[in-house]
Asks: 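The structure under discussion is supplied below as structure tokens; questions concerning it will follow.
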Amino acid sequence: MSNLENMHQKALALYEEKKLQEALSIYEQIIQLNPADEVALSCVMDIYLELDDKFNYYLSRANVNIAQGKLEYAIKDTKKALDINTEDIDARRKLARLYKVDNKTLKAIDEFLKLLEYKNDDVDAYFELVDLYMKEDSLESAITTARKLYEIEKNNPNVKNMLAQLYFRADDYASALEVVEDELLKIKILLQDNKNIEARELLEKVDVLKLNPLQKKNYRTIKAQQFYNDKKYDEALSEIEEYVKENGPDAVSFQMKALIYEEKNDDFSAYLNWGFCKKAQGKFDEAIVEFSHAHQKNNHDKTVLIELANLYQHNKERFVAIEYWEKVYEIDKDETAREILAEFYYSEGNFEKAEQYGKAIERKEDDSAGLIDKIMAFFAKK
């Protein structure tokens, strides 16, 4: 029997003996070990009901609803708890996070702001607010919030780096450099500010072997940017290729490639990589525009044609997609394109076209002529 099972049995025995506080203590220990233990969560809710503690009853009932994925009910229960005690920080935080998980960003912001009214030095709430403001594309509000936290936590390196990152996004490099603690972020800011010599000196001092996986990932892109700033475009591309080998292709790698190819005056490759960048970002209409530009530069590139076909299919523009699949097929009789075209024309009732692409059409024999002959023969015997 596992330790959790023993704890459950002990808590149940205490509950049946009406030793509610002792049972409650054990159930809370169980929840610490397994936050999704619905039996323990339900028992805690029942105990608070028996203790006539409505505030904690509603919060514990919210936890049961969270475990069951019923966020709407969890939010309602947490609000009922706050109606009883509006100043409880933990309940307010719970409500704010529930709104955040439920993608109700503005309501989550309101709740974290209320939390700060009761506890204006709550570091966690400031970090949450910055994250929420960025989701709302409100960079100015994020910076204002981070500044307030910086006044409280001036020696906190995480706060400094967060504020520096926000200044960096706002292109305020001077302010970012005043507060930044992270060396790689500092180098990145210097490079963006075209302070290449200073950035290169710091980059040469970095001990790559001591970097964690995330730092190594950033190191590659920073190194690529340094080469880019120095107009060493082939070296920059080489760094990006190493980055892709280690981390896989992503929007960052495609963007950097696009910028490099622009400097190399390779318009086709630039448009191609901008297309992949926009696609990786989920901006499919913008991706179509970029791939279309690439197609204009090279109308026989198979990769571009396939990307356009798939993007138009994603946008439910089937007939446009089919035009591109036909162009793909024309290049090298691509098997995937052939199957797609055959099925498309078959579904449209264009059997002649479907057969051209290898679709076997089942045809019912026309027996009407044979039937007439049989009838005539029958009457001839009379």
Side-chain angles (χ1 to χ4, degrees), residues 123-124 126-135 137-260 262-263 277 281:
V123 174
D124 176 73
Y126 284 106
F127 273 103
E128 292 276 16
L129 276 169
V130 169
D131 182 52
L132 288 163
Y133 281 129
M134 292 306 294
K135 285 184 177 180
D137 293 324
S138 182
L139 179 57
E140 187 176 341
S141 296
I143 290 173
T144 300
T145 302
R147 279 176 181 162
K148 290 178 181 177
L149 178 56
Y150 177 66
E151 292 302 314
I152 299 168
E153 295 273 323
K154 285 192 174 181
N155 296 320
N156 186 326
N158 292 329
V159 173
K160 288 182 175 182
N161 290 327
M162 177 181 69
L163 182 55
Q165 188 71 258
L166 293 170
Y167 280 135
F168 176 69
R169 292 194 183 192
D171 298 330
D172 185 353
Y173 306 129
S175 296
L177 289 169
E178 285 179 9
V179 295
V180 66
E181 286 277 316
D182 183 87
E183 280 298 304
L184 289 178
L185 178 56
K186 184 176 183 179
I187 295 167
K188 188 175 180 180
I189 296 166
L190 288 167
L191 287 170
Q192 198 67 23
D193 201 20
N194 291 314
K195 295 180 179 178
N196 300 332
I197 296 174
E198 191 176 345
R200 193 182 306 111
E201 289 174 354
L202 289 175
L203 195 57
E204 289 171 355
K205 295 177 183 177
V206 174
D207 187 347
V208 180
L209 296 176
K210 292 183 178 179
L211 299 178
N212 62 39
L214 178 59
Q215 289 172 326
K216 285 181 181 178
K217 183 177 179 180
N218 291 332
Y219 177 80
R220 285 289 185 195
T221 58
I222 290 169
K223 191 77 174 171
Q225 187 172 356
Q226 180 223 315
F227 284 128
Y228 176 84
N229 283 12
D230 289 341
K231 301 187 185 304
K232 296 179 179 179
Y233 302 124
D234 290 334
E235 289 90 337
L237 278 173
S238 179
E239 284 294 332
I240 294 302
E241 292 302 333
E242 289 302 315
Y243 170 93
V244 171
K245 286 180 186 177
E246 295 168 6
N247 306 287
D250 58 14
V252 171
S253 63
F254 289 126
Q255 181 182 34
M256 294 194 76
K257 280 185 180 181
L259 291 168
I260 292 167
E262 283 180 355
E263 293 298 326
C277 175
Q281 293 171 336

Asks: When you compare the side chain of Leu211 with that of Leu184, does any pair of heavy atoms fall below 4.5 Å?
Replies: yes

Asks: Among residues at least two apart in sequence or on other chains, which ones pass side chain to side chain contact (heavy atoms under 4.5 Å, CB included) with Asp124?
Replies: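 Testing Asp124 for side chain to side chain contact (heavy atoms under 4.5 Å, CB included), a comparison that skips the adjacent residues, returns Arg93, Arg97, Asp122, Glu128.
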
Asks: Do Val130 and Met162 touch side chain to side chain, with heavy atoms closer than 4.5 Å?
Replies: yes

Asks: Go through the structure and list residues passing side chain to side chain contact (heavy atoms under 4.5 Å, CB included) with Lys195, not counting sequence neighbours.
Replies: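 Applying side chain to side chain contact (heavy atoms under 4.5 Å, CB included) to Lys195 gives Leu177, Leu190, Asp193, Glu198.
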
Asks: Does the side chain of Gln215 come within less than 4.5 Å of Tyr219's, by heavy atoms?
Replies: no

Asks: Restricting to pairs with a member in residues 156-175, which pass salt bridge (charged side-chain N to carboxylate O under 4.0 Å, His left out), not counting sequence neighbours?
Replies: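 Counting only pairs at least two positions apart or across chains, the salt bridge (charged side-chain N to carboxylate O under 4.0 Å, His left out) contacts touching residues 156-175 are Lys160-Glu181.
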
Asks: Could you list all the salt bridge (charged side-chain N to carboxylate O under 4.0 Å, His left out) pairs where at least one residue sits in residues 228-255, not counting sequence neighbours?
Replies: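 Sorted result for residues 228-255: Arg200-Asp230, Arg220-Glu239, Arg220-Glu246, Asp234-Lys264, Glu241-Lys257, Glu242-Lys245.
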
Asks: Between Tyr126 and Arg147, is a side chain to side chain donor-acceptor pair (under 3.5 Å) present by the stated rule, with each step listed?
Replies: CA-CA 10 Å; Tyr126 284 106; Arg147 279 176 181 162; over 6 Å; no

Asks: Which residues pass the side chain to side chain contact (heavy atoms under 4.5 Å, CB included) test with Ser141, sequence neighbours left out?
Replies: Tyr133, Ser138

Asks: Which heavy atom in Leu129 sits nearest to a heavy atom in Thr145, and how many Å separate them?
Replies: CB-CG2, 3.9 Å

Asks: Residues two or more places apart in sequence or in another chain: which of them pass side-chain hydrogen bond (donor to acceptor under 3.5 Å, both in side chains) with Glu153?
Replies: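 side-chain hydrogen bond (donor to acceptor under 3.5 Å, both in side chains) check on Glu153 returns Asn156.
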
Asks: Using the ring pair (Phe, Tyr, Trp, His ring centres under 6.0 Å) criterion, which residues pair with Phe227? Sequence neighbours excluded.
Replies: none

Asks: Taking only residues two or more places apart in sequence, or in another chain, which ones meet Phe254 in a ring pair (Phe, Tyr, Trp, His ring centres under 6.0 Å)?
Replies: Phe276

Asks: Does atom NZ of Lys216 have more than 12 heavy-atom neighbours, drawn from other residues, nucleotides or ligands, at distances under 6.0 Å?
Replies: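 Yes, because the 6.0 Å sphere around NZ of Lys216 holds more than 12 heavy atoms from other groups.
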
Asks: Taking only residues two or more places apart in sequence or in another chain, which ones pass salt bridge (Lys or Arg N to Asp or Glu O under 4.0 Å) with Glu140?
Replies: none

Asks: Which heavy atom of Leu166 sits nearest to which heavy atom of Ala146, and what is that distance?
Replies: CD1-CB, 3.6 Å

Asks: Check side chain to side chain contact (heavy atoms under 4.5 Å, CB included) between Gln192 and all other residues, then give those that pass, not counting sequence neighbours.
Replies: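 So Gln192 forms a side chain to side chain contact (heavy atoms under 4.5 Å, CB included) with Phe168, Tyr173, Gln225.
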
Asks: What's the verdict on side chain to side chain contact (heavy atoms under 4.5 Å, CB included) for Met256 and Val252, showing C-alpha distance, side-chain angles and the deciding distance?
Replies: CA-CA 6 Å; Met256 294 194 76; Val252 171; 4.3 Å; yes

Asks: Say you draw a straight line from CD of Glu178 to CG of Leu163; how long is it, rounded to the nearest 0.5 Å?
Replies: 10.0 Å

Asks: For residues 201-209, run the donor-acceptor check on the side chains, cut-off 3.5 Å, and write out each pair with its distance to 0.1 Å, sequence neighbours left out.
Replies:
| unit_1 | atom_1 | unit_2 | atom_2 | d |
| --- | --- | --- | --- | --- |
| Asp207 | OD1 | Leu209 | N | 3.2 |

Asks: Distance from Cys277 atom SG to Leu259 atom CG, nearest 0.5 Å?
Replies: 8.5 Å

Asks: Rounded at 0.5 Å granularity, tell me how far NZ in Lys148 sits from CD1 in Ile143.
Replies: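 Going from the NZ atom of Lys148 to the CD1 atom of Ile143 covers 13.5 Å.
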
Asks: Using 0.5 Å steps for rounding, measure from the CG atom of Asn218 to the CG atom of Asn247.
Replies: 9.0 Å

Asks: If you round to the nearest 0.5 Å, how far is CG of Asp182 from CD1 of Ile187?
Replies: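 Ile187 atom CD1 to Asp182 atom CG measures 8.5 Å (nearest 0.5 Å).
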
Asks: Closest heavy-atom contact between Ile189 and Ala176?
Replies: CD1-CB, 3.7 Å

Asks: Take atom CD1 of Ile197 as the centre, draw a 6.0 Å sphere, and report whether it contains more than 12 heavy atoms from other residues, nucleotides or ligands.
Replies: no

Asks: What pairs of residues pass the ring pair (Phe, Tyr, Trp, His ring centres under 6.0 Å) test when at least one of them lies in residues 229-251, not counting sequence neighbours?
Replies: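 Every pair satisfying ring pair (Phe, Tyr, Trp, His ring centres under 6.0 Å) with a residue in residues 229-251: Tyr228-Tyr233.
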
